[in-house]
Each structure stands twice: as C-alpha cells, then as structure tokens.
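A short worksheet on the structure shown next.
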Amino acid sequence: SQTIHQWPATLVQPVGSPLSLECTVEGTSNPNLYWYRQAAGRGLQLLFYSVGIGQISSEVPQNLSASRPQDRQFILSSKKLLLSDSGFYLCAWGDANQPQHFGDGTRLSIL
Amino acid sequence: RKEVEQDPGPFNVPEGATVAFNCTYSNSASQSFFWYRQDCRKEPKLLMSVYSSGNEDGRFTAQLNRASQYISLLIRDSKLSDSATYLCVVIGHNFNKFYFGSGTKLNVKP
C-alpha cells in the first residue's frame, strides 16, 4: 500500500533563516506531488505541484521554492523565512483526477 | 470569485441530529468532487467521493447538482466523533489541480 512521510512534525525557525521540508512517498510510481499551506483557521492554499521529476508548477508567488530530485521525493525550501511563512505545511500525493492523500504535516512557527 | 465556497459554520448540533452542508463551485467544467474531513491540527483525510448519481456510505450521503453547481454532504444520526471540519474539494479541467473549500466546522454536542 502507499504511504507518505513528511518531516519534521514541528519546526521553530527565526526570521531570515533557511527552510527545508522533505516529503517522500512509498508504494507508487510517478505520483503527482503537492505542497499546501494552511494558515490557522483557514483553508488549504496550493503552493506547488509536480507531475514528474524536475517538473514544478508554482501557484503562488512567494519566497518559497520546491524541487523534485527523485520520483517520490518532494522538497519545499526557502532561503530566508518571513513571519508570514508560519503555518501548517502539508505534502500530498495523488494521481490525476483521483483523491489526494496527505502526510501528517509540518507545523512551522517563525519567531 | 473563489473556485469553491463553503459556509464556515460552525454548525452546532446535538447527538443524533441530521445535518447537511453545501458547497458551491464556480467552474462548470469541474470533473470530480470529494469530501474530506479534517480534525483539529491534523491533516485532511478523504471522507468520500461524490458521484453524479449520488452515493451513500453508512450515515453519510453525498450528492452532486451540476445544474446549480453545488455538492452536498448529509450526515445522519450525528455522533460526537463527527465533530471536525469538512472540506469540499473540486477538480477542474486541469486534472492535476485540486481546489479546496475553506471548510465547514461541525460541533456535535452531547
């Protein structure tokens, strides 16, 4: 069966520091991969999605970037975090037109 | 205009009540529809897909109205454990992109 792993579960970072969140999927090949952010009490905002290695679609202009160095690995990065980057970051996988399945999420606090 | 809109609630209902949520979508070309459930500080989890003919899973019934561009979720005999936020999800003409509603919060009280 397919599983998705996302880490770390929580992260506290100072403003201006870099960020790297990693997500890996097991049990499937060539999945679509997604990064979402959810601010407290708000809905999910799609940040990036990828349909294959090296293919990244950016949905919202911001100081974040994503990379897909391997088929089942999706990384979310930032060179310099802002206070507004705080939130609940969720990685998901899915096939086109099929339900998405989420990792446990990373709760990021910027101080 | 947002792709998907939901009443944020909260809906406060007693145990055993029947409650219904609606969700409207703006793109008439939308292809697939789902309901997700999200518990506080947790990831969303798929509750059920929504089929054109309507579908039922135990106490949960989902329906699609393409003419009026909305989907609905009906929960019968509410349980305390049903308390959560329910997210409506729509896939548009780009099958790779999901559009999530901001969620409807349900509180089931004893």
Side-chain angles (χ1 to χ4, degrees), chain A residues 1-11 21 23 25 30-52 55-60 66 68 74 86-109, chain B residues 1-10 21 23-27 29-52 55 57 62 64 71 73 84-107:
Chain A
S1 64
Q2 301 89 355
T3 56
I4 180 168
H5 303 280
Q6 187 181 342
W7 66 92
T10 59
L11 191 59
L21 301 180
C23 171
V25 180
N30 197 33
N32 289 348
L33 295 172
Y34 303 82
W35 278 112
Y36 292 88
R37 177 171 60 202
Q38 187 175 35
R42 307 291 292 274
L44 273 68
Q45 179 186 35
L46 178 62
L47 302 175
F48 301 95
Y49 72 93
S50 171
V51 299
Q55 300 178 64
I56 308 294
S57 295
S58 175
E59 293 297 303
V60 181
R68 185 168 177 174
F74 204 23
S86 292
F88 189 38
Y89 287 81
L90 289 154
C91 180
W93 77 271
D95 294 322
N97 213 28
Q98 295 297 315
Q100 293 180 4
H101 304 277
F102 289 84
D104 292 341
T106 296
R107 201 158 297 278
L108 175 65
S109 299
Chain B
R1 184 183 173 188
K2 289 184 180 177
E3 294 279 346
V4 181
E5 300 211 52
Q6 291 183 254
D7 180 344
F21 312 133
C23 164
T24 59
Y25 60 94
S26 60
N27 188 344
S30 297
Q31 296 291 326
S32 300
F33 310 87
F34 307 96
W35 283 102
Y36 278 69
R37 171 194 168 124
Q38 186 173 24
D39 293 296
C40 188
R41 301 177 70 81
K42 295 285 192 178
E43 77 279 15
K45 292 185 177 176
L46 177 67
L47 178 65
M48 59 196 303
S49 302
V50 185
Y51 302 122
S52 297
N55 49 298
D57 182 1
L64 167 64
I71 67 172
L73 178 68
T85 296
Y86 291 83
L87 305 172
C88 162
V89 183
V90 173
I91 301 180
H93 63 281
N94 178 344
F95 292 160
N96 297 311
K97 284 181 65 174
F98 277 42
Y99 296 96
F100 282 80
S102 54
T104 297
K105 188 170 176 56
L106 172 65
N107 295 318

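Chain identifiers are assigned alphabetically (A, B, ...) following the order of the sequence lines, protein sequences preceding nucleic acid strands; residue numbering begins at 1 within each chain. This is a predicted model, so every value here is computed, not measured.
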Which atoms of B:Phe98 come close to chain A, meaning under 4.5 Å heavy atom to heavy atom: side chain ones, backbone ones, both, or neither?
->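 It is both, since atoms from each part get that close.
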
Side chain / backbone / both / neither for B:Gln38 at chain A, heavy atoms under 4.5 Å =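 Just its side chain gets close to chain A.
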
Answer with side chain, backbone, both or neither: which region of [X] has an atom nearer than 4.5 Å to a non-hydrogen atom of chain B?
X: A:Gln98; answer: backbone
X: A:Phe102; answer: both
X: A:Asp104; answer: both

Out of B:Lys45, B:Lys97, B:Gln31, which one racks up the most heavy-atom pairs below 4.5 Å with chain A?
->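 It is B:Lys97.
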
Sequence-distant partners of B:Tyr99, ring pair (Phe, Tyr, Trp, His ring centres under 6.0 Å), two or more places apart |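 Applying ring pair (Phe, Tyr, Trp, His ring centres under 6.0 Å) to B:Tyr99 gives none.
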
What distance do [X] atom [atom1] and [Y] atom [atom2] have between them, rounded to the nearest 0.5 Å?
X: B:Gln6; Y: B:Thr24; atom1: CD; atom2: OG1; answer: 8.5 Å
X: B:Phe21; Y: B:Ile71; atom1: CZ; atom2: CD1; answer: 12.0 Å
X: B:Thr85; Y: B:Tyr36; atom1: OG1; atom2: OH; answer: 15.5 Å

Looking just at side-chain N and O atoms, do A:Tyr36 and A:Gln100 make a donor-acceptor pair shorter than 3.5 Å?
->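 A donor-acceptor contact under 3.5 Å links the two side chains.
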
